[in-house]
Amino acid sequence: MFDHVSIGVRDAASSKGFYDAVLSPLGYSCLSEGPGSLGYGRDVVAFWVNEAARPVPADRDSGLHFCFSAPTRDAVAAFHAAALGAGGKDNGEPGLRADYGEHYYAAFVVDPDGYRLEAYCGKEQA
């Protein structure tokens, strides 16, 4: 449905360290970098991180979050650990979420700008 999603952050340079760390275990990397702009994806940019004069304020009750596909459950755990190591906050440890589906394995974090992020793998454990 979407070609890409963009978020606004206070400082793209500091966001780069965070997003490089958390997206790498999922198989994504920074494919485009310019002044105040970062583009992440696997083959093409699908997630833009751009400096903004007025980033959307963090709002825990807004329901807004971004979910990234993970190739394995281990990648979900690595995403979570990388986020905590890069200045993110825990918002749900890696684990099965039976309410969402039999094989719904996910972890939740909050980035340094307050965006809620999820990594998800729907594969059955091998």
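Annotation: salt bridge (charged side-chain N to carboxylate O under 4.0 Å, His left out) contacts of D20 (sequence neighbours excluded): K16.
Of the possible donor and acceptor atoms, none in the side chain of Y40 sits under 3.5 Å from a partner among the backbone N and O of V49.
A heavy-atom distance below 4.5 Å is not found between the side chains of L23 and R42. Looking at P55 and V9, their side chains never come closer than 4.5 Å, going by heavy atoms from C-beta outward. Using a 4.5 Å cut-off on side-chain heavy atoms (C-beta onward), V45 and H4 make no contact. For the pair F18/L117, a side-chain contact is recorded, criterion being any heavy-atom separation below 4.5 Å from C-beta on. Using a 4.5 Å cut-off on side-chain heavy atoms (C-beta onward), V109 and H80 make contact.
Nearest heavy atom pair, residue V22 against residue F79, reads O-CD1, 3.4 Å. Nearest heavy atom pair, residue P94 against residue A77, reads CG-CA, 3.8 Å. The two residues A70 and C121 come nearest to each other via the heavy atoms O-CB, 3.7 Å. Contact between A58 and G114 at its shortest, heavy atoms only, is CB-CA, 3.7 Å. Closest heavy-atom contact between S37 and A12: N-CB, 4.2 Å. Of all heavy-atom pairs between S32 and W48, the closest is OG-CH2, 3.6 Å.
Ring centers of Y104 and Y120: under 6.0 Å apart, within the cut-off. Taking the six-membered ring for Trp and the full ring otherwise, the centers of Y19 and Y28 sit at least 6.0 Å from each other.
Remark: L38 CG to N50 CG distance equals 7.5 Å, nearest 0.5 Å. For the atom pair NZ of K123 and OH of Y105, the computed distance is 14.5 Å after rounding to the nearest 0.5 Å. Expressed to the nearest 0.5 Å, how far CD of E51 lies from OG of S14 amounts to 8.0 Å. To the nearest 0.5 Å, the span separating CD1 on I7 from OG on S15 amounts to 6.5 Å. Rounding to the nearest 0.5 Å gives a distance of 10.5 Å between CZ of R60 and OG of S62.
Ring pair F108/Y100 is perpendicular by interplanar angle, where above 60° counts as perpendicular and below 30° as parallel.
Applying the salt bridge (charged side-chain N to carboxylate O under 4.0 Å, His left out) rule to pairs touching residues 87-114 yields R10-D113, sequence neighbours excluded.
Note on V56: it clusters hydrophobically with F66, by side-chain heavy-atom contacts below 4.5 Å among ILVMFWY residues.
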